[in-house]
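Sequential numbering from 1 along the given sequence is applied to the chain's residues. For ligands, and for the atoms within them, numbers begin at 1 and follow the listed sequence. None of these values were measured; they are calculated from a predicted model. Values below: all heavy atoms of this structure, side chains included; hydrogens, waters and symmetry mates excluded.
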Amino acid sequence: MPIFVNEKTQEFHLQNNGISYIFGVISESGQLEHLYFGKKIRHRPSFQHLKERRRHSASTNRIEGSYTTSLEYIKQEYPAYGTTDFRMPAYEIRDKMGSTISDFRYRGYSIRKGKPKLEGLPATYTENIHEAETLEIYLFDDVLGGELILFYTIFNGWDAITRHAVFSNKGGERFYLNAAMSASIDFPDSDFEMVTLAGAWAREMDVQAKPLGRGIQSVYSARGASSHQFNPFLALKRPDATEGSGEVYGFSLVYSGNFLAQVEVDNFHVTRIMIGIHPFQFKWKLNPGETFTTPECVIVYSVRGLNGMSQTYHELYRTRLVRGIWRDKPRPVLFNNWEATYFRFTEEKILTLAMESKKLGIELFVLDDGWFGRRDNDKSSLGDWEPNLEKLPGGIKGLSEKIEALGMKFGLWFEPEMVNKDSNLYRKHPDWVISVPGRPMSHGRNQYVLDFTRDEVVGYVFEAMSRTIRESKISYIKWDMNRNMTEVFSKAWPKSRQGEIFHRYILGVYKLYEKLISHFPNILFESCASGGGRFDPGMLYYAPQTWASDDTDAVERLKIQYGASLVYPLSSIGSHVSAVPNHQTGRITPLETRANAAYFGAFGYELDLTSLTVEEKTAIKKQIAFFKAKRALFRFGRFYRLLSPFPSNEAAWMAVSSDQKEAVVGYYRVLAQPNPPFSRIRLAGLDPGMLYAVDGYGEPVYGDELMQVGLLLDKIETKGDFVSSLYCIRAAEKDG
Ligand code: DGJ
């Protein structure tokens with residue numbers, strides 16, 4: 001049984017084979033006290049001895065006559081501000097008097113098998129009720145008439161706990177939520193490094209690690225999207241934890257809008273971590289009878305270092321966040337025309353590219369931006385999802401049929417959330433844009449954000465997209481989103497609800513996704529936001545893959561994909577082979593290295609195939625055949641990071657099949673070094689007693705040797721920059 005309850009002492013212990021998460025009720029005042037989270041410990045009938053109470057001078061206390069009931073000194077589960085705790089709270093409510101003091105007290109609990117859905121929000125799920133158990137803790141504030149339910153789900157198969165909170169107004173007076181985080185934990189010490197993923201357009205997912213200091217440290221987005229700048233993820237890692245060993249706690253928010261991931265270390269070295277919707281620019285009105293649900297936070301504990309954490313996220317997200325037929329099906333090798341043609345194409349050019357693609361073994365042809373309205377540049381036509389018949393005389397219907405006749409599937413680009421001023425949609429509905437009446441509207445790439453808080457706007461876009469989808473043969477959609485939100489205000493909502501617009505917008509995006517995938521369940525969606533501007537678990541619930549970055553340079557991709565792999569499975573990381581000189585960096589890398597980097601992702605090509613030499617085409621044909629032969633391994637295998645590209649000139653990683661009989665290692669060297677030393681890399685994840693044949697390596701070797709002594713990197717060119725090699729490994733036989 002994964003959830004134990006000590007009824008007498010009012011304690012809850014969520015436990016599986018790897019982890020224990022223990023908290024209880026503060027008997028003195030009814031809040032919740034965090035007691036332990038980490039490696040599994042034995043259950044016992046009471047954990048009262050873990051409660052810390054001491055008189056602190058200069059403290060404020062909850063109970064008259066008591067000097068040990070200061071919430072500032074009690075580790076909490078979901079803290080409030082201003083009732084003896086002075087740190088940043090997990091939530092804040094403003095009541096009818098204008099007071100922001102609240103006092104939710106424990107009322108009871110319930111336990112159910114499985115995991116409930118989060119209404120209108122993406123979340124992990126179970127396929128049968130035996131995969132997880134869920135604890136609901138009921139708290140009530142009598143003065144406010146407010147109910148708070150904290151949800152905790154523990155999975156049996158993964159060292160992961162999910163949390164979210166639901167606030168309900170059960171009284172007679174409205175109140176406002178000023179903050180409602182998804183989860184908060186007070187850890188008893190601060191001996192951690194904080195690991196985050198930071199970046200910018202075209203250089204997303206830089207891994208940052210820094211020791212915690214006293215005070216607040218955080219990452220966030222206030223852009224209306226989870227953002228290129230910071231991913232909605234934070235890990236606390238012990239300073240001695242490595243990729244393969246040591247304690248790491250991961251916090252990943254299943255959400256695509258504004259977020260805050262914050263760590264506060266107080267002067268007693270207590271570490272308070274919280275993650276959720278950013279309270280800045282957030283204010284949610286709750287009328288009597290109304291309810292607010294926070295997004296879900298997925299908390300992972302690993303004793304196998306960062307890689308252990310990543311593998312849990314990978315498996316959980318690949319199998320219990322991603323949905324639909326594409327969850328388990330092999331993904332097609334795709335060609336995307338964007339870097340081949342940009343906006344300048346004719347049907348003839350597209351068909352020539354398609355014929356070349358087919359010859360090379362491509363399975364899905366994707367037509368990117370530029371196919372609709374008068375879209376010859378980024379100044380016009382977003383919102384008008386009618387094909388440009390000058391470019392495509394047979395429309396999307398005709399083109400998609402021709403592509404299918406060539407023996408490939410067809411995919412199409414949309415940017416559903418946006419509109420250009422130069423469009424029929426904007427001319428008809430200028431009020432459908434997010435903007436403040438009487439104030440200038442800022443543009444981003446000449447486009448404006450449609451008000452997705454309005455059902456009629458979401459409905460209109462659904463109809464416009466569905467028309468094209470229904471009449472054509474569309475197997476894939478790339479859903480792009482190319483600007484952040486400014487002047488956020490909706491004409492559809494009263495002034496008391498303007499603090500809800502950022503979140504309502506994201507709910508509208510989720511609504512459209514849900515509608516599209518339920519009407520067109522066979523379509524594979526790829527999300528995109530100028531590359532990785534909205535690469536988050538929320539999106540993965542709807543779109544199983546994400547275009548990870550507009551930067552297609554192989555050397556840059558080593559860092560971007562390495563960083564993304566901290567949380568996201570390879571199957572979700574869109575990665576393409578593109579032309580040289582690279583369009584973002586001007587760098588010239590070997591074709592082999594470009595493919596060797598892109599295999600470790602949702603693989604495809606994005607370059608003008610008509611300008612390739614015969615040798616290049618032959619090489620690409622081989623690459624595609626290789627990928628098809630190994631795609632199950634890249635897709636379903638365990639991923640191990642071996643050498644980080646961040647501090648070094650080298651990178652290496654590998655994928656190992658679940659039966660440990662097959663593996664592929666990718667090794668990459670950025671700049672050449674004269675007279676280089678011999679180098680070896682220690683592999684991971686192999687069966688120590690298995691004899692493996694390593695391509696080009698001579699005699700087979702045991703797994704323990706490959707993991708302990710290492711793989712001698714003698715295949716790699718000693719001269720030249722940006723070189724790489726792949727090592728394919730296959731089980732030869734098992735030792736006795
Ligand atoms: C930004 C995307 O990231 C690119 O891949 C491409 O689809 C362009 N938008 C098209 O405008």
How are the rings of [X] and [Y] set relative to one another: parallel (under 30°), tilted (30 to 60°) or perpendicular (over 60°)?
| X | Y | value |
| --- | --- | --- |
| F525 | Y513 | perpendicular |
| F343 | W338 | perpendicular |
| H429 | Y460 | perpendicular |

Next on the checklist: Could you go through R587 and E556, starting from their C-alpha distance and side-chain angles, then the distance that decides it, and tell me whether this counts as side chain to side chain contact (heavy atoms under 4.5 Å, CB included)?
Outcome noted: CA-CA 10 Å; R587 191 177 283 136; E556 292 302 306; 3.7 Å; yes
Item to check | For R344, salt bridge (charged side-chain N to carboxylate O under 4.0 Å, His left out) partners two or more places apart | outcome: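 Listed in chain order: nothing, the list is empty.
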Next on the checklist: Distance under 4.0 Å, heavy atoms only, partner ligand 1: which residues pass?
Outcome noted: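 Within the 4.0 Å shell of ligand 1, which is judged on heavy atoms, sit W338, D368, D369, W413, R445, K478, D480, N482, C528, S530, G531, W547, D550.
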Item to check | Lys NZ or Arg CZ of R323 over Y541 ring: under 6.0 Å, within 45° | outcome: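 Judged by the rule (NZ or CZ under 6.0 Å from the ring centre, within 45° of its axis), R323 counts as positioned above Y541.
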